[in-house]
Amino acid sequence: MQVAEWILTRLKEWDIHRVYGYPGDGINAFLGAFARVEDKDPFFTQVRHEEMAAFMACAHAKFTGEIGCCIATSGPGAIHLLNGLYDAKLDHQPVLAIVGQQKRQSVGAHYQQEIDLTTLFKDVAGFVSTVMDEHSARHVIDRAIKSAYEEQRPAVVIVPEDVGEMDYADPPREHGSVFTSVGWNRPHAVPDETLLRQAADILNAGEKVAILIGAGARNASREVIETADVLGAGIAKALLGKDAVPDTLPFVTGGIGLLGTEASHKMVMNCDTLFMIGTSFPYAEWLPAEGKAKCVEIDIDGSLIGVRYPNDVSLVGDAKDTLKALLPMLEHKSDRSWQEHIIEERKIWDRVLEDRAHQKGDPVNPELVFWELNKRLPDNVIITSDSGSATNWYARHCQLREGMRGSLSGTLATMVPGVPYAISAKFAHPDRPVIGLTGDGAFQMLGMNELLTVKRYLPQLTAKNKTLVFVVLANDDLNQVSMEQRALSGDPKNPDTQTIPYLPAAEYARLLGFEGIKVERPEDVGPAWDRAMAADLPVLLEFRTDPQIVALPPHVKPTMFKKVAKGLASGDEDATGIATKGFKGKLSEVTEHVKDKLPGGSQ
């Protein structure tokens with residue numbers, strides 16, 4: 001058995017059953033080995049680009065909790081992996097990347113496609129090592145996987161061509177040999193009881209407690225909800241924590257920050273105690289001013305605790321374990337006025353979203369697309385989003401129920417993952433409906449190519465559940481960056497950099513044998529979603545959306561207002577539309593708050 005085949009067999013022992021990749025002669029030994037391994041397990045899944053393989057491996061880790069795996073040839077193939085691996089690193093996901101290299105005798109000779117792979121990967125990966133001979137494959141693979149799990153980041157295994165083709169042999173029983181085994185488990189991690197009591201004292205003393213959660217709280221959903229109930233608190237969510245607790249709970253206020261909700265903003269800015277759980281939300285301007293609130297934080301990574309807001313107590317530990325230990329120390333608050341206020345603000349925000357979704361767009365209001373989707377979200381759906389304007393509407397309008405999952409490139413915030421994440425989610429959970437959200441920019445960049453991957457593996461993807469829907473918001477504008485030009489730089493939109501050519505995405509989908517639906521009228525949005533959810537084939541929904549309807553922040557800061565006004569007044573081609581539609585959007589907030597104070601409230 002060649003080293004390459006032994007490595008694949010070892011992956012199976014580690015419960016790795018799918019490897020995403022693209023062929024190249026630097027991994028020839030593996031290409032042959034994939035055909036020889038028993039039951040083709042692990043299964044090689046051919047994608048259209050190595051970057052997409054890394055994104056799919058990252059998404060596999062996100063949606064299964066298991067390590068994702070990708071493979072690439074030496075040189076250019078290895079380089080292509082980087083963006084997806086950085087996505088995994090920054091969102092703390094275990095991924096194993098197997099990379100080819102030139103023969104050992106050629107390394108250092110400035111040989112064809114020779115890259116210093118250890119240097120290339122040393123920042124993105126925790127563990128980077130080369131399989132030096134037929135004996136070392138065992139410990140390199142085992143340590144790579146253990147390290148990826150333990151560090152929650154990528155690990156890279158480099159396999160020179162000649163080593164991959166060698167006959168595998170266990171290490172000789174002599175000095176210098178090591179003998180590793182398969183197996184890793186997540187340890188329980190709880191802070192010292194003294195710290196827990198200090199944290200409980202602060203939380204018990206707080207009269208207006210705001211809880212902010214991230215992806216690190218996902219496995220502690222029940223404990224987070226119980227904590228909020230005991231403390232009479234509300235729960236706001238950083239974007240990666242969107243699926244950590246259901247949005248159906250009345251005291252869950254949704255997102256925070258530029259993409260957040262007014263209810264979250266008011267709660268966080270007016271709290272006297274901030275309880276952060278498993279989040280590294282980076283934007284200090286959307287947190288209370290320093291010294292305004294007491295703060296308790298839970299994070300599994302001690303190097304990242306207390307780096308976003310000054311903590312009074314830092315609890316380094318697993319969110320679920322720590323909350324279980326903390327809850328018996330918390331006192332049930334009899335005064336529920338703070339939480340009742342949060343619940344009312346959440347109700348008002350829901351009405352604001354509905355009002356905005358039904359404002360006129362040219363031709364279609366993008367908020368209407370997501371408002372109609374939210375009404376039709378199937379049970380156990382997995383939603384993926386790209387980075388861009390689609391992120392805004394996903395964050396605000398998609399209210400996830402218990403059992404639903406959703407993710408995106410949270411920290412790297414790179415374009416393109418929306419489509420490959422969706423495909424990976426469907427491979428991992430073929431029995432669940434999957435919806436992938438993207439803009440026309442990311443779709444043209446690389447996303448459209450991966451529909452060919454869907455075409456190739458269609459029987460695997462849809463054997464147990466037919467629902468696989470891709471959404472393209474087509475507005476011929478790199479919309480998010482256009483708005484960032486105005487809001488952050490005070491510049492008008494530059495059509496030379498921001499306008500993109502129109503691609504008939506629905507027609508492209510039909511060329512592949514999928515159902516392609518183009519929507520250009522608001523009255524067709526709901527029926528289009530109905531068709532998509534009932535289809536027996538993958539569906540691409542192309543919505544021609546209005547680029548002048550932008551995501552309005554929950555609070556417009558004076559500096560931002562001045563910059564946007566300056567940009568719009570400097571010859572921006574969308575100035576009138578953005579000003580008019582933005583005013584209407586903000587007016588809906590005022591209107592709903594006024595309604596709530598009138599006799600009879602909003603009824």
Atom [atom1] in [X], atom [atom2] in [Y]: separation rounded to 0.5 Å?
{"X": "T414", "Y": "N83", "atom1": "OG1", "atom2": "CG", "answer": "4.0 Å"}
{"X": "L239", "Y": "T391", "atom1": "CG", "atom2": "OG1", "answer": "7.0 Å"}
{"X": "T45", "Y": "I71", "atom1": "OG1", "atom2": "CD1", "answer": "11.5 Å"}
{"X": "Y22", "Y": "H49", "atom1": "OH", "atom2": "NE2", "answer": "9.5 Å"}
{"X": "I158", "Y": "S74", "atom1": "CD1", "atom2": "OG", "answer": "11.0 Å"}
{"X": "T411", "Y": "Y86", "atom1": "OG1", "atom2": "OH", "answer": "14.0 Å"}

[atom1] of [X]: more than 12 outside heavy atoms within 6.0 angstrom?
{"X": "R336", "atom1": "CZ", "value": "yes"}
{"X": "E207", "atom1": "CD", "value": "no"}
{"X": "K12", "atom1": "NZ", "value": "yes"}
{"X": "H188", "atom1": "NE2", "value": "no"}

[X]: what forms a salt bridge (charged side-chain N to carboxylate O under 4.0 Å, His left out) with it, not counting sequence neighbours?
{"X": "E13", "answer": "R10"}
{"X": "D335", "answer": "none"}
{"X": "D123", "answer": "K89"}
{"X": "R143", "answer": "none"}

Are a donor atom and an acceptor atom from the side chains of [X] and [Y] found within less than 3.5 Å of each other?
{"X": "W14", "Y": "D142", "result": "yes"}
{"X": "E50", "Y": "H80", "result": "yes"}
{"X": "K333", "Y": "N204", "result": "no"}
{"X": "T253", "Y": "R346", "result": "no"}
{"X": "Q198", "Y": "D312", "result": "no"}
{"X": "E150", "Y": "W184", "result": "yes"}

Can you see which heavy atom on [X] is nearest to which on [Y], and at what distance?
{"X": "T384", "Y": "G436", "answer": "OG1-CA, 3.3 Å"}
{"X": "I115", "Y": "Q101", "answer": "O-NE2, 3.0 Å"}
{"X": "A217", "Y": "V224", "answer": "CB-CG2, 4.2 Å"}
{"X": "I16", "Y": "P42", "answer": "O-CB, 3.5 Å"}
{"X": "S409", "Y": "S387", "answer": "O-OG, 4.1 Å"}
{"X": "I27", "Y": "A72", "answer": "CG2-O, 3.4 Å"}

Classify the ring geometry between F30 and F34 as parallel (under 30°), tilted (30 to 60°) or perpendicular (over 60°). tilted
I would like to know whether Q93 and D87 meet side chain to side chain donor-acceptor pair (under 3.5 Å); could you show each step before the answer? CA-CA 8 Å; Q93 298 302 317; D87 186 39; over 6 Å; no
Non-neighbouring partners of [X] that pass side-chain hydrogen bond (donor to acceptor under 3.5 Å, both in side chains), sequence neighbours left out:
{"X": "E285", "result": "none"}
{"X": "N185", "result": "none"}
{"X": "R432", "result": "none"}

Cation-aromatic face contact R396/F370, 6.0 Å, 45 degrees: no
Answer yes or no on whether K146 is positioned over the face of F127, meaning its NZ or CZ is under 6.0 Å from the six-membered ring centre and within 45° of the axis. no
Compare all side-chain heavy atoms of [X] with those of [Y] and state whether any distance is below 4.5 angstrom.
{"X": "V245", "Y": "R218", "answer": "no"}
{"X": "D386", "Y": "V419", "answer": "no"}
{"X": "I145", "Y": "V182", "answer": "no"}
{"X": "Y457", "Y": "F427", "answer": "yes"}
{"X": "F44", "Y": "R18", "answer": "no"}
{"X": "W338", "Y": "C271", "answer": "yes"}
{"X": "Y20", "Y": "Q46", "answer": "no"}

Any salt bridge (charged side-chain N to carboxylate O under 4.0 Å, His left out) pairs touching residues 403-423, not counting sequence neighbours? D243-R405
Charged N-O contact under 4.0 Å between D318 and R186: no
Salt bridge check: are D201 and R197 linked by an N-O gap of less than 4.0 Å? no
Using atom types as modelled, flag every donor-acceptor pair under 3.5 Å from a side chain in residues 56-63 to any protein atom, sequence neighbours excluded.
residue	atom	partner	partner atom	Å
K62	NZ	D91	OD2	2.7
K62	NZ	S407	OG	3.4
K62	NZ	L408	O	2.7
K62	NZ	Y421	OH	3.0

Taking only distance into account, with no hydrogens and no angle test, what donor-acceptor pairs under 3.5 Å do side-chain atoms of residues 290-300 form with protein atoms, sequence neighbours excluded?
residue	atom	partner	partner atom	Å
K292	NZ	M269	O	2.5
E297	OE1	G306	N	2.9
E297	OE1	N311	ND2	2.8
D299	OD1	D301	N	2.8

Residue pairs passing the side chain to side chain donor-acceptor pair (under 3.5 Å) test where at least one lies in residues 223-232, sequence neighbours excluded: E223-K320
T453 side chain to V47 main-chain N or O, any donor-acceptor pair under 3.5 Å? no
Among R401, K237, M404, which residue satisfies the side chain to side chain contact (heavy atoms under 4.5 Å, CB included) criterion with D247? K237
Listing request: all ring-ring contact (aromatic ring centres under 6.0 Å, His included) pairs with a residue in residues 222-268, at least two apart in sequence or in separate chains. H265-W286, H265-H555
